[in-house]
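In what follows, a single structure is set out as structure tokens and then discussed.
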2 protein chains.
Amino acid sequence: MATIKDVARLAGYSPATVSRAINHSGYVSRQATAKIQAVIAQLDYVPNDIARDLSQGRTANVGVVVPYLAHPYFTQVFNGILKAAFAAAYNVVLLQSNYDADRERGYLEQLHRRAFDALIFTSRAIPLAELAAAQKYGPIICCEDPGDYPLAAAYSKRTAAYRAAFSWIRTQGYQRVGLTFSRSAQLSATTRLTLATYTNSFGQAPAPENIRLGVTTFTDGYQAAQAWARLASQPDFIFSNGDDIAAGIRQFYVDHHLLVPPLMGQENQLSSRLLGLPTIDHHFERVGAAAFDLAASRQIARVPVAADLILR
Amino acid sequence: MATIKDVARLAGYSPATVSRAINHSGYVSRQATAKIQAVIAQLDYVPNDIARDLSQGRTANVGVVVPYLAHPYFTQVFNGILKAAFAAAYNVVLLQSNYDADRERGYLEQLHRRAFDALIFTSRAIPLAELAAAQKYGPIICCEDPGDYPLAAAYSKRTAAYRAAFSWIRTQGYQRVGLTFSRSAQLSATTRLTLATYTNSFGQAPAPENIRLGVTTFTDGYQAAQAWARLASQPDFIFSNGDDIAAGIRQFYVDHHLLVPPLMGQENQLSSRLLGLPTIDHHFERVGAAAFDLAASRQIARVPVAADLILR
DNA sequence: CCTTGCTATGGAACGCGTTCCATACGGTAT
DNA sequence: ATACCGTATGGAACGCGTTCCATAGCAAGG
């Protein structure tokens with residue numbers, strides 16, 4: 001494996017000049033540039049990224065913590081990060097967490113060791129306080145509103161979107177809204193926020209039997225609908241945490257020749273377009289791209305991304 | 001940021017001894033170990049991974065080239081890689097290609113620059129010959145049978161699985177089998193292999209109108225069924241390239257109150273279980289894990305993974 | 001002719017661990 | 001007592017670019 005010294009020797013210049021030639025830092029004569037180019041081509045030389053990283057003190061890698069891949073929220077945010085990172089010549093290291101706080105701590109440790117230049121949490125199990133404290137090891141970006149914590153963040157303006165959605169649902173005259181969530185209010189800030197906004201909009205909290213937890217897929221939606229169908233008093237509207245989930249809910253009613261209640265999904269996936277269901281587009285790709293930009297710029301800023309209520 | 005020299009100075013030992021203590025390389029007294037541990041804790045010192053990588057000439061990163069995420073084949077293979085990599089304390093760099101050969105070449109270049117220790121292609125646009133040639137830059141693993149090319153590979157034994165599937169379909173008496181594919185035979189070795197096995201099993205190639213290309217999602221399946229429904233002579237069996245796709249095909253017939261033709265999917269996704277459809281489980285997670293093991297061991301070996309025909 | 005200011009180039013330090021080699025010491029086998 | 005061995009430890013080289021600083025040549029300005 002050729003090194004910059006080999007190139008320097010063969011070209012008859014010093015490593016310093018070769019380095020400047022490669023990086024177009026100026027102060028290299030036409031003649032030297034040409035000779036160095038020729039030798040580089042001859043040796044099939046490319047600089048060693050590890051050495052470059054060491055001397056520059058960075059890796060051009062961002063770590064992205066994701067509980068798991070199989071969820072549109074994560075794939076969308078992740079895709080946004082990926083696109084922005086590619087454009088900025090960064091690589092993306094995918095760090096799966098399964099919502100395991102200790103694994104997340106391991107990734108913070110890797111940040112400390114400079115395995116990546118920044119760490120983006122698309123979601124998390126460890127407390128925000130720990131994230132905030134770990135910033136001494138490097139830039140950390142979360143994808144939710146960090147409240148009082150001084151953390152960089154890119155996130156959907158969920159409150160506004162949910163307020164608009166619930167207001168619209170109420171205007172339509174619905175009273176007993178069924179809600180699906182992936183994680184309990186205890187574990188998930190998003191669940192808490194949704195419930196709080198609901199309570200605020202409707203003047204009371206949703207009835208416990210109208211709340212379904214652990215719902216993340218089409219099938220989960222199907223089963224949630226099945227559970228509701230057994231109730232005496234059924235929801236007259238269902239606000240679900242994803243379009244595919246809404247599709248699963250709908251599917252249950254269709255399969256059982258029941259009247260499909262009015263539904264709303266989230267994330268503007270293909271399924272809601274196909275089925276003509278209203279949804280909320282959180283623009284998670286934008287959230288991801290914004291998260292990356294914060295990571296690359298090392299700014300501790302907040303980028304709330306407006307969500308769109310899509311009625312059909 | 002504390003360095004190993006700081007630790008050495010404060011502990012009253014040399015950097016060499018500190019390094020040995022950290023890496024448990026032996027030849028460090030109890031006393032020295034204790035003192036060094038204490039100073040490490042006091043300074044909150046962790047070794048700099050970049051420096052370690054440079055001196056060891058590796059990164060503990062594997063690059064994984066994926067055209068896009070939104071496909072069960074890729075998520076399954078990728079998950080297998082992720083699990084195996086985590087177990088081996090490697091990180092995984094996700095490299096999106098969109099089947100763009102030049103982007104793939106860019107990733108080969110990064111391998112050359114030692115941005116990662118090995119490169120896994122879950123699928124590819126560039127010719128195998130180029131992959132084989134690029135091995136001089138580092139270990140490259142592909143996820144298909146590389147034929148005559150001396151490439152490390154982990155892949156599903158598709159031929160055997162397809163032969164079993166087609167044989168079963170023929171035994172059931174079906175004659176006009178509809179087939180869906182993601183990419184044309186020209187672009188995809190898998191498509192070619194499926195068609196060849198079909199031809200071999202049925203004694204003739206499938207009729208062109210029974211082949212649908214560009215099918216990767218539930219919706220694509222729905223539309224493929226729609227196209228078939230317009231034909232005079234319709235397929236009497238449909239062999240699709242994914243369970244969700246089969247589900248989409250089925251959905252079209254259900255929605256239009258048509259008799260659903262017998263179907264077979266692939267990948268043993270949840271949908272085939274729910275709908276009771278036969279499928280082929282290619283065990284792509286195993287393929288991914290095997291691909292990673294090849295990457296980490298730097299062996300140029302082939303690991304064919306047996307696929308299971310699941311009849312229901 | 002001299003100062004000023006570029007351009008061009010090289011030497012050497014630097015970033016930060018790892019590891020080879022040499023040295024020293026206490027203990028054991030002969 | 002001598003040779004030998006294992007443990008313990010440090011010095012220094014090494015991996016490989018990047019970059020600061022110094023030097024030198026040359027042209028324009030005065």
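Lettering follows sequence order; numbering is per chain, from 1.
- A salt bridge is defined here as a Lys NZ or Arg NE, NH1 or NH2 lying under 4.0 Å from an Asp or Glu carboxylate O, and A:Asp145 with A:Arg302 meets this definition.
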All N/O pairs under 3.5 Å across the protein-nucleotides 5-7 of chain D interface:
{"residue": "D:dT7", "atom": "OP2", "partner": "B:Tyr27", "partner atom": "OH", "Å": "3.4"}

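- B:Asp102 meets the side-chain contact (heavy atoms from CB on, under 4.5 Å) test with B:Asp100, B:Arg105; sequence neighbours excluded.
- For A:Gln299, the side-chain hydrogen bond (donor to acceptor under 3.5 Å, both in side chains) criterion is met by A:Ser297, not counting sequence neighbours.
- Atom CG of B:Asp148 is surrounded by 12 or fewer heavy atoms from other residues, nucleotides or ligands within 6.0 Å.
- For the residue pair A:Ser97 and A:Tyr107, no side-chain donor N or O sits within less than 3.5 Å of a side-chain acceptor on the partner.
- The C1' atoms of five pairs define one axis at each end of the helix from C:dC1-D:dG30 to C:dT30-D:dA1, and these two axes lie 40° apart (to 10°).
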**Study point:** Sequence-aligned protein contact record of nucleotides 12-27 of chain C, with B where the base is within under 4.0 Å of a protein heavy atom and S where only the sugar-phosphate is
**Key:** ---BBBSB--------
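- Side-chain contact of B:Arg114 with B:Asn61: a donor-acceptor pair under 3.5 Å is absent, judged by distance alone.
- Between the side chains of A:Thr59 and A:Asp117, at least one donor N or O sits under 3.5 Å from an acceptor N or O.
- Side-chain contact check for B:Leu119 versus B:Ile141: every heavy-atom pair is 4.5 Å or farther apart.
- If you check the side chains of B:Arg20 and B:Thr17, you find a donor sitting under 3.5 Å from an acceptor.
- In this structure A:Asp293 satisfies the side-chain hydrogen bond (donor to acceptor under 3.5 Å, both in side chains) test with no other residue, sequence neighbours excluded.
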